[in-house]
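I have placed the structure first, in the form of C-alpha cells, so that the comments after it can refer back to it.
Source: prediction; values computed, not measured. Sequence lines set the chain letters: A, B, ... in the order given, protein chains first and strands last, and positions in each chain run from 1.
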Protein chains: 2
Amino acid sequence: MPTRKPTAPAKATRDREATQQRFIEAAARVIARDGAAGLGVNAIAAEAGADKKLIYRYFGGLDGLLEAMGANTAVWIGDALSASKGDYSERMAAVFAAYAANLRGDPVLQKLLAWELAEPSDTLRRIDAARSKAMYAVMPKLRGDEKPPEGVDAPAVNAILLAALHYLTLRGATMGGFSGLSLKTDADWKRAMAAFQGLLKRTYPQD
Amino acid sequence: MPTRKPTAPAKATRDREATQQRFIEAAARVIARDGAAGLGVNAIAAEAGADKKLIYRYFGGLDGLLEAMGANTAVWIGDALSASKGDYSERMAAVFAAYAANLRGDPVLQKLLAWELAEPSDTLRRIDAARSKAMYAVMPKLRGDEKPPEGVDAPAVNAILLAALHYLTLRGATMGGFSGLSLKTDADWKRAMAAFQGLLKRTYPQD
DNA sequence: TCCTCTTGTCACTGCTTGGTGACATATGAC
DNA sequence: GTCATATGTCACCAAGCAGTGACAAGAGGA
C-alpha cells in the first residue's frame, strides 16, 4: 500500500515572487474577514491556495509574513494636503475628514489598530511604527508657519482628536455606535465630522 | 487494569456558590493577565483550580460565565459627581478625570473594551450595554438645567472626548503612547487631562 | 544528456482546544 | 440509618493548531 499518492500536478507556474505576493494578499484578506483572532498559517495558506510550508520557507514564519504585509500598506495621505485651503483649522478638518474616510474604508487597517489595542507584540509594534511615521510627518507640514494659540497644547489636542477618530471608527464598524452616538450611515459620520470640525475651530480660531 | 484511579480526595468543601465565585474571579484574572486572546474554559478552570465541566454545568458555557462576570462590574462613578462644583465644563472635567483614573487602574475593563473593538459578539454587546448604561445615565444628571451653547452638538462632542479617553487609555497601556504623545507616567496623564479640560472649557464656556 | 538547486506537495507529529460521558463522594431530607 | 441528589473529578473524543521531514518535479547550467 503506497503511503503516497502517485503524483500531484504541482503548481502550473513556479514563481517565488508571485507566490509570496499571493500569501501577502491572502493574509490581508483573512485579516479583513476574520480579524486577528482567526489568523494563522493554516487559514492563510488555505486562502492563498498554497502550502503553509512555503510561509516558513519564504517568510520565516507568520511574523515575517505580517511584517511583509505591513510594509505594503498604502500611504492614504498626501492628496488631502494639496487640496487644503483656508486657515489651519479648516485644513486640519480637511485632513481629518480624508483620513477618516480612508480609515473607514480600510478594514485591514481597522483590524490592525484593534489588534494593537488588544495584545501588544513586537511584530505589531514594528508594523505600527512604520505606518504611523507617515502620519506624524504630516503634522508639521500641516501646521506650516502658524503657532498654536496661547495655552493650547497642540500635540496633545491633535492626539486626542486622532484617538477619538480611531476609536469611533472601530466602534462604528463593530458596534455601530458609541455612547449614544450612532455611527452607521454617512449622515451619522457627517454629524461626527461636524463635531470634530467644531472642536478644531474652537481650538485654533480665526486666522 | 483499572481505568480509574482508586479515588481522589474530592473538594474539601462542597459549595456551589463559592465555586461559582471562584470561576468568576478566575475569569477576571485570566482576562487581566492574558487578555481576550488566551481566554478559554481550560485556562479559566486551571486558574480557578476547579474542573471546566462545572463551567458548563453552572454557567451553561463560557458566554454565561462572562456575562456573570460582567454583571459584577463595579460602578466607578457617583462619588465624582458629588464632589463636582463649578460650571458645567469644570464638573465635566472632574468626571472625566475620575473616570480616566478608574479606567486606568482597571485592566479587566481595559481588556473588555479592546476586545469589543476587535470582534463583535453578542455576549460582548450585552456586557457593554449593561456597563455603559450607568455612564449614559450620568450625562443628563451632569448637565443639569443648562443648555449647551448654540451650534454645539453636545452628545457628539461628549462621545468624541470619551472615545479619545478610551483609546488613549488603551494605547497607553499597550504601546505607552499615541501619535507622539507619551502616556506612561502620571505627569503624561496630567498633560493629557489638561488638554481635555481645555477642549471642554472652549466647548462649554463661561457659566 | 545529466546534474543540481529551487519550488511546490503532502503526510505526519505533538500539542491544545472545547465539550461530554462515566464515575466518586459529600450533603441533606426522610 | 437510607437514599436521592447536588457537587466535584477524571478520562476521553474529535477538531484544529503550528511546525517539520520526506518526497516530486520544474528550471536551468554544464
Side-chain angles (χ1 to χ4, degrees), chain A residues 1-27 30-31 33-69 119 121-123, chain B residues 1-27 30-31 33-69 119 121-123:
Chain A
M1 170 158 124
T3 64
R4 172 153 273 295
K5 282 185 195 166
T7 278
K11 208 80 200 179
T13 69
R14 281 172 164 251
D15 187 335
R16 173 172 179 152
E17 287 198 12
T19 304
Q20 287 178 317
Q21 198 57 34
R22 296 223 324 274
F23 274 121
I24 289 177
E25 289 163 7
V30 170
I31 289 182
R33 191 199 327 125
D34 307 325
L39 200 60
V41 285
N42 289 314
I44 293 177
E47 174 77 26
D51 196 281
K52 61 179 171 180
K53 174 91 188 219
L54 301 181
I55 295 179
Y56 296 97
R57 196 177 283 166
Y58 293 157
F59 302 96
L62 185 57
D63 279 7
L65 172 55
L66 293 182
E67 277 188 64
M69 190 200 69
E119 42 172 350
S121 86
D122 288 343
T123 301
Chain B
M1 169 157 124
T3 63
R4 171 153 273 296
K5 282 185 194 164
T7 279
K11 208 79 201 181
T13 69
R14 280 167 169 257
D15 185 335
R16 173 172 181 153
E17 287 199 12
T19 304
Q20 287 178 318
Q21 198 57 34
R22 294 222 325 273
F23 275 120
I24 289 176
E25 290 164 7
V30 169
I31 289 183
R33 190 194 332 122
D34 306 327
L39 202 59
V41 285
N42 290 312
I44 294 177
E47 174 76 27
D51 196 281
K52 60 178 171 180
K53 174 91 189 222
L54 301 181
I55 294 178
Y56 296 96
R57 195 177 284 166
Y58 293 156
F59 301 96
L62 185 57
D63 280 6
L65 172 54
L66 292 182
E67 278 188 64
M69 190 199 69
E119 43 172 349
S121 87
D122 288 344
T123 302

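Here the P atom of nucleotide D:dT7 and the CZ atom of B:R22 are 14 Å apart, to the nearest Å. Separating the CG atom of B:D51 from the C1' atom of C:dA26 is a distance of 17 Å, rounded to the nearest angstrom. We find that CD of A:Q20 is positioned 14 Å from P of C:dT6, with the value rounded to whole Å. What separates CZ of A:F23 from P of C:dG8 is a distance of 8 Å, to the nearest Å. What separates NZ of B:K52 from P of D:dG8 is a distance of 17 Å, to the nearest Å. Rounded to a whole Å, the CG atom of B:D15 is 16 Å from the C1' atom of D:dT5. Put simply, CG on B:L39 is 13 Å from C1' on C:dT17, counting in whole angstrom units. Protein atom CD1 of B:I55 is 13 Å distant from nucleotide atom C1' of D:dG8, rounded to whole Å.
Across all non-hydrogen atoms, the minimal contact from A:D51 to A:A45 is C-CB, 4.1 Å. Listed here is the closest heavy atom pair of A:I24 and A:A68: CD1-CB, 4.0 Å. The minimum heavy-atom distance between A:V30 and A:A43, with the atom names listed, is CG2-O, 4.1 Å. Annotation for B:K52 and B:V41: closest pair CB-O, 4.1 Å, computed over non-hydrogen atoms. Across all their heavy atoms, B:A48 and B:F23 have their closest contact at CB-CD2, 3.9 Å.
Counting atom types as modelled, A:K53 pairs a side-chain N or O with a base atom of D:dG21 as donor and acceptor under 3.5 Å. Interface remark: the A:R14 side chain does form a donor-acceptor pair with the D:dA25 base, using a distance-only criterion of under 3.5 Å.
Where B:G61 and B:R57 meet DNA chain C, the nucleotide closest to each residue was compared, and B:G61 sits on the side nearer the 5' end.
Phosphate proximity of D:dA6 to B:Y58: absent, as no side-chain N or O sits under 4.0 Å from OP1 or OP2. Side-chain nitrogen and oxygen atoms of A:R16 include at least one within less than 4.0 Å of the OP1 or OP2 phosphate oxygen of C:dT7. One finds no side-chain N or O of B:T19 lying less than 4.0 angstrom from the OP1 or OP2 phosphate oxygen of D:dT7.
Side-chain proximity of A:L54 to the nucleotides D:dG19, C:dG8, D:dG8 is greatest for C:dG8.
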